[in-house]
Amino acid sequence: MTIRVLLADDQALLRSAFRVLVDSEPDMEVVGEASDGAEAVRLAKEERADVVLMDIRMPGTDGLAATRMISADPELAQVRVVILTTFEVDDYVVQSLRAGASGFLGKGAEPDELLNAIRVAAGGDALLSPSATKGLIARFLAQSDDPDGDDDTDTARSERLGTLTGREREVLVHVAAGLSNDEIAERLEVSPLTVKTHVNRAMAKLGARDRAQLVVFAYESGLVRPRVE
């Protein structure tokens with residue numbers, strides 16, 4: 001099946017370069033180009049995109065707002081957003097993950113990394129570029145948390161966490177550590193299919209679109225604590 005890719009970046013030159021790269025692959029095609037977030041949301045729906053490569057900083061509706069709109073639209077539930085940014089770990093990236101992005105990649109990534117990112121996101125997995133480690137994400141999630149946060153939100157997270165079985169929690173901890181299903185299966189001495197079942201059940205119970213949102217939930221709920229280096 002061909003992966004339908006939408007490019008959203010206000011720089012035409014970058015879009016052209018990404019188009020040439022994506023269209024060179026037999027399993028993917030560019031179905032549209034957008035120069036701002038509002039256009040990206042419209043084209044994602046019109047062109048039935050599978051993956052949107054989204055720049056964060058665009059005029060008008062930026063990539064963060066566009067990601068929120070895509071995540072909130074039931075008609076776009078299958079669309080995966082990969083954030084493209086010059087600065088791989090900053091508050092915008094954290095907000096994008098919370099808004100529903102499947103992950104992010106630096107604009108300086110190698111061509112193979114970008115193509116792999118599209119395939120990973122299309123498969124529903126969390127995408128964290130090699131230089132954006134889980135430790136950095138954890139630290140930024142912790143820094144952006146408000147110590148005097150909303151008690152109702154914390155209670156809601158605790159209640160949702162309470163719906164998970166012990167095994168589902170255990171799997172969630174490993175997902176937050178960046179492990180694949182195969183790696184988790186090896187550690188727990190179960191089959192990858194069993195792990196996948198636990199991951200899918202956790203996603204359904206927590207209302208997560210994909211593994212990236214599972215990672216965010218694991219840290220925000222306190223199930224996993226950022227390690228201080």
Side-chain angles (χ1 to χ4, degrees), residues 1-12 14-15 18-19 21-23 25-85 92-105 114-128 153 156-157 159-160 163 172 175 196-197 199-218 220:
M1 187 174 68
T2 302
I3 302 171
R4 300 172 63 81
V5 181
L6 174 64
L7 307 175
D9 196 299
D10 61 329
Q11 298 183 46
L14 275 179
R15 294 200 309 271
F18 289 148
R19 174 180 280 276
L21 179 63
V22 171
D23 282 341
E25 295 299 295
D27 61 337
M28 58 184 72
E29 65 174 336
V30 173
V31 296
E33 295 184 24
S35 58
D36 62 52
E39 188 178 17
V41 175
R42 177 177 62 80
L43 288 176
K45 185 175 297 185
E46 290 179 359
E47 301 297 337
R48 305 187 315 280
D50 297 310
V51 176
V52 180
L53 295 182
M54 184 86 74
D55 184 24
I56 287 184
R57 298 170 180 86
M58 292 185 288
T61 303
D62 62 17
L64 178 59
T67 298
R68 285 200 186 101
M69 285 188 277
I70 289 174
S71 299
D73 191 334
E75 293 185 34
L76 300 177
Q78 300 306 311
V79 178
R80 299 292 177 253
V81 176
V82 175
I83 296 295
L84 296 173
T85 177
Y92 283 105
V93 169
V94 172
Q95 291 181 55
S96 297
L97 288 174
R98 284 176 167 150
S102 293
F104 56 94
L105 198 67
L114 180 63
L115 295 173
N116 181 64
I118 293 171
R119 295 186 179 102
V120 169
D125 288 332
L127 172 74
L128 309 177
T153 299
R157 287 181 188 140
E159 289 177 350
R160 282 192 290 164
T163 66
L172 179 54
V175 169
K196 183 177 180 181
T197 298
V199 170
N200 289 339
R201 286 176 178 168
M203 286 172 58
K205 290 178 179 180
L206 300 176
R209 284 166 58 92
D210 53 29
R211 292 173 80 99
Q213 287 200 319
L214 284 181
V215 173
V216 172
F217 183 87
E220 290 189 328

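For the single chain, residues carry numbers from 1 onward in sequence order.
- Among residues two or more places apart in sequence or in another chain, the side chain to side chain donor-acceptor pair (under 3.5 Å) test is passed with E46 by R42.
- Inter-residue side-chain proximity for M54 and I70 is flagged as met; some heavy-atom pair is nearer than 4.5 Å.
- A heavy-atom distance below 4.5 Å is not found between the side chains of M28 and V51.
- Using a 4.5 Å cut-off on side-chain heavy atoms (C-beta onward), V5 and F18 make no contact.
- The minimum heavy-atom distance linking T67 with A101 is given by the pair CG2-N, 3.7 Å.
- Paired with I118 under the rule side-chain contact (heavy atoms from CB on, under 4.5 Å), one option of V22, V82, D27, D50 passes, and it is V22.
- Shortest non-hydrogen contact noted between T163 and K205 is O-NZ, 3.0 Å.
- Closest heavy-atom contact between A117 and L105: CB-CD2, 4.0 Å.
- Listed by first and then second residue, the side chain to side chain donor-acceptor pair (under 3.5 Å) pairs involving residues 69-78 are K45-D73 (not counting sequence neighbours).
- Scored by the side chain to side chain donor-acceptor pair (under 3.5 Å) test, R15 finds E33 as partners (sequence neighbours excluded).
- Heavy-atom minimum distance, A49 versus L6: CB-CB, 4.0 Å.
- A 4.5 Å side-chain heavy-atom check between V175 and V215 finds at least one atom pair inside the cut-off.
- Heavy-atom minimum distance, V52 versus A44: CG2-CB, 4.4 Å.
- When the side chain to side chain donor-acceptor pair (under 3.5 Å) test is applied to R48, no partner is found at least two apart in sequence or on another chain.
- Atoms CG and CG, from D10 and D36 in turn, are 9.0 Å apart once rounded to the nearest 0.5 Å.
- The main-chain N or O of V30 is found under 3.5 Å from a side-chain atom of D23 such that the two form a donor-acceptor pair.
- For S35, the side chain to side chain donor-acceptor pair (under 3.5 Å) partners two or more places apart in sequence, or in a different chain, are E39.
- To the nearest 0.5 Å, atoms CG (L206) and CG (L172) are separated by 6.5 Å.
- Under a 3.5 Å cut-off, the side chain of D55 and the backbone N or O of A8 do not form any donor-acceptor pair.
- Residues forming a salt bridge (Lys or Arg N to Asp or Glu O under 4.0 Å) with R160 (at least two apart in sequence, or on another chain): none.
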Practice prompt. I would like to know whether D9 and L53 meet side chain to side chain contact (heavy atoms under 4.5 Å, CB included); could you show each step before the answer?
Written response: CA-CA 8 Å; D9 196 299; L53 295 182; over 6 Å; no

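- Between L7 and R19, the shortest heavy-atom distance links the atoms CD1-N, 3.7 Å.
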